[in-house]
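Scroll down for the structure; my scribbles are underneath it.
Owing to the predicted nature of the structure, the values given are computational and were not obtained by experimental measurement. Along the sequence shown, residues are numbered consecutively beginning with 1. Order of appearance sets the numbers: ligands from 1, and atoms from 1 within every ligand.
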Amino acid sequence: MKQLIDQNWLQEHNAKQEAAVISDYNALAEKLERSGIKIDTILEQAKQFTVAVPSWGVGTGGTRFARFPGKGEPRNIFEKLDDCSVIQLLSQATPAVSLHIPWDRPKDPSELRQYAEQYGLHFDAMNSNTFQDQIGQEESYKFGSLTHTNKAVREQAIAHNIDVVELGQKLGSKALTVWVGDGSNFPGQQHFKNSFTHYLDSIKAVYNSLPDDWNMLLEHKIFEPAFYSTVIQDWGSSYLAAKETGERCLSLVDLGHHAPNVNIEMIVSRLAQFGKLGGFHFNDSKYGDDDLDSGSINPYQLFLIFNELTDIRVQDPSYSPFYMLDQSHNVTDPVESLMYSAAEVQRAFVKSLLVDRNALTQYQEANDAMMAQASLKQAYNLDVEPILQMARLQAGGAIDPVSCYRASGYRAAVAKARPADPNKTGSGIV
Ligand code: LRH
Ligand code: MN
């Protein structure tokens, strides 16, 4: 398998930390043993855990005000995959990449597929884009896409989504994520029922084109780019649309797409209870759709979401939603942020495995609020870093991905190989 960081060099870099990891791991093993938990069974699950990285996340992100490109920005999908291969090599938790079309449209899909496979990468859910107008596009999406009042615009948006599915099939993907920013900025501007009806008809047309082994993931968002109403503004509209559309049409929860303080872990439980929880876009936020690094602002919420997911898997071990990161890296090296965020999501998952669910159920049944929340905190307060480090070490990754990446000189090397394009400043998330 092709690697952009030498494996021997990586092992030498790990060697300095290996003894400490083994000692910490054994100490944690003894501690968990006292609670009847076999650390190796947790380690195995940690090693199986993966989260997809967004192709649009390896470039420097920005806001509507400005974007300050970093050094060695990837200039095309192949350089994005080079960076994704380094994230996977060091984190050993991100073997899948989620593409966005047309941003990542390849001239030759099989060439792109082979380019990814040389690194051991594959393609996760495909993302369509009817929130921007492309050069030469017939109809504009200024006033919406799948929900536009003009049938020609809706048909153009439907055709684009079907085209993304066909491309995804050639790339080996198994899902289409549909996020539309359709909505209004002023009361009265849009008819709520008519626009939702257009959405249902349009998404149904896309669903009918879906291969039998594919899922379609509907992504809700409370606001932006629309600032008064958004057609798929919350889990309720998403659930209704998924239910109306078909069995393999599910809801996707982007953590940043909710009003501040919304109880997202409860939404996760509701959607799962009714068989419509299809996937996640993990990130973190303090105010709006900030797309900050996962676990960087509210790591306890991330843990509580995985606590619900692990509870669901206790009932249904085959349950496996699509896990993706969806972040915008405005002030950090995107490779570092994506490695660190993948580990934070993996950490939340591992901690959720350490919750004593029998004890929790008893406290809940007994309405012992103190001990119920304490049994969650007991797992959350455990330092599971030795398990994450051992998982990476045993899988051939880096014990400490960020320090290893910095020592590798990868960023400096690509900064030389990818001279900055002085005209590509601008603004916007990508
Ligand atoms: C919308 C969103 C969506 C992507 C876009 C890049 O805010 O979360 O998932 O298409 O970001
Ligand atoms: Mn998203």
Side-chain angles (χ1 to χ4, degrees), residues 51-64 67 74 77 80 96-105 123-134 141 144-147 157 160-161 164-165 167-168 173 175-183 203 206 215-227 230-235 237-238 241 250-259 262 264 267-268 271 277-285 287-294 302 305 321-330 334 337-338 341 345 426-430:
V51 59
V53 292
S55 63
W56 59 94
V58 285
T60 304
T63 71
R64 59 184 167 168
R67 192 180 79 89
I77 184 56
K80 289 180 183 179
V97 179
S98 188
L99 297 181
H100 219 299
I101 306 299
W103 297 337
D104 303 320
R105 184 184 295 283
F123 294 111
D124 203 276
M126 303 291 289
N127 296 269
S128 60
N129 176 343
T130 60
F131 52 86
Q132 295 171 324
D133 287 347
Q134 306 307 320
Y141 293 134
S145 60
L146 297 174
T147 75
H160 166 68
N161 278 279
V164 173
V165 170
L167 172 58
S173 173
L176 170 71
T177 296
V178 181
W179 169 69
V180 293
D182 296 22
I203 215 72
V206 177
N215 283 106
M216 185 155 71
L217 308 171
L218 308 182
E219 183 177 1
H220 59 271
K221 182 173 181 180
I222 186 168
F223 82 100
E224 188 202 46
F227 293 104
T230 293
V231 178
I232 307 300
Q233 91 281 24
D234 67 5
W235 73 277
S237 293
S238 176
L250 307 170
S251 297
L252 179 140
V253 177
D254 182 313
L255 275 54
H257 289 186
H258 304 85
V262 161
I264 300 175
I267 293 172
V268 167
L271 287 170
L277 181 62
F280 291 84
H281 280 179
F282 293 113
N283 48 56
D284 214 333
S285 50
Y287 304 104
D289 186 19
D290 311 340
D291 281 339
L292 299 173
D293 294 9
S294 299
L302 191 57
I305 287 168
F322 288 82
Y323 290 151
M324 285 163 275
L325 299 172
D326 181 3
Q327 301 174 181
S328 178
H329 310 109
N330 306 354
S337 275
L338 287 164
S341 301
V345 176
S427 63
I429 62 166
V430 288

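- Side chains of N283 and D293: a donor-acceptor N/O pair is absent below 3.5 angstrom, by distance only.
- W179 and N129 share no side-chain donor-acceptor pair at under 3.5 Å.
- S328 and N330 form a side-chain donor-acceptor contact under 3.5 Å, judged by distance and modelled atom types alone.
- With a heavy-atom cut-off of 4.0 Å, N129 does not touch ligand 1 at all.
- Within the listing of ligand 1, atoms 2 (C), 3 (C), 8 (O), 9 (O) sit less than 4.0 angstrom from a heavy atom of E219.
- Ligand-side atoms of ligand 1 in range of D289: 7 (O), range being under 4.0 angstrom from any heavy atom.
- At a cut-off of 3.5 Å, with distance as the only test, no side-chain donor of S294 or S341 sits close to an acceptor on the other residue.
- The shortest heavy-atom distance from N127 to ligand 1 is not under 4.0 Å.
- Within the protein, the number of N, O or S atoms lying under 2.8 Å from the Mn ion (ligand 2) is 4.
- Side-chain atoms of H281 and D326 include a donor-acceptor pair closer than 3.5 Å.
- Atom CG of residue L167 and atom CZ of residue R105 lie 6.0 Å apart, to the nearest 0.5 angstrom.
- At least one N or O atom of H257 sits closer than 3.5 Å to an N or O atom of ligand 1.
- Judged by distance alone, the side chain of T177 and the main-chain N or O of N127 form no donor-acceptor pair under 3.5 Å.
- At a cut-off of 3.5 Å, with distance as the only test, a side-chain donor of W103 or Q132 sits close to an acceptor on the other residue.
- The contact set between ligand 1 and D254, taken as ligand atoms under 4.0 Å from a residue heavy atom, comprises 8 (O).
- Less than 4.0 angstrom separates some heavy atom of H281 from each of these atoms of ligand 1: 9 (O).
- Partners of H220 by ring pair (Phe, Tyr, Trp, His ring centres under 6.0 Å), not counting sequence neighbours, listed by chain and number: H258.
- Of the polar atoms of H100, at least one N or O is found under 3.5 Å from an N or O of ligand 1, judged by distance alone.
- In this structure, L277 CG and L271 CG are separated by 5.5 Å, a value rounded to the nearest 0.5 Å.
- Here is the list of ligand 1 atoms found below 4.0 Å of a heavy atom in W56: 6 (C).
- With a 4.0 Å cut-off on non-hydrogen atoms, E224 does not touch ligand 1 at all.
- Note on ring orientation: taking the six-membered ring where Trp is involved, the planes of F282 and F280 are parallel (angle under 30°, cut-offs 30° and 60°).
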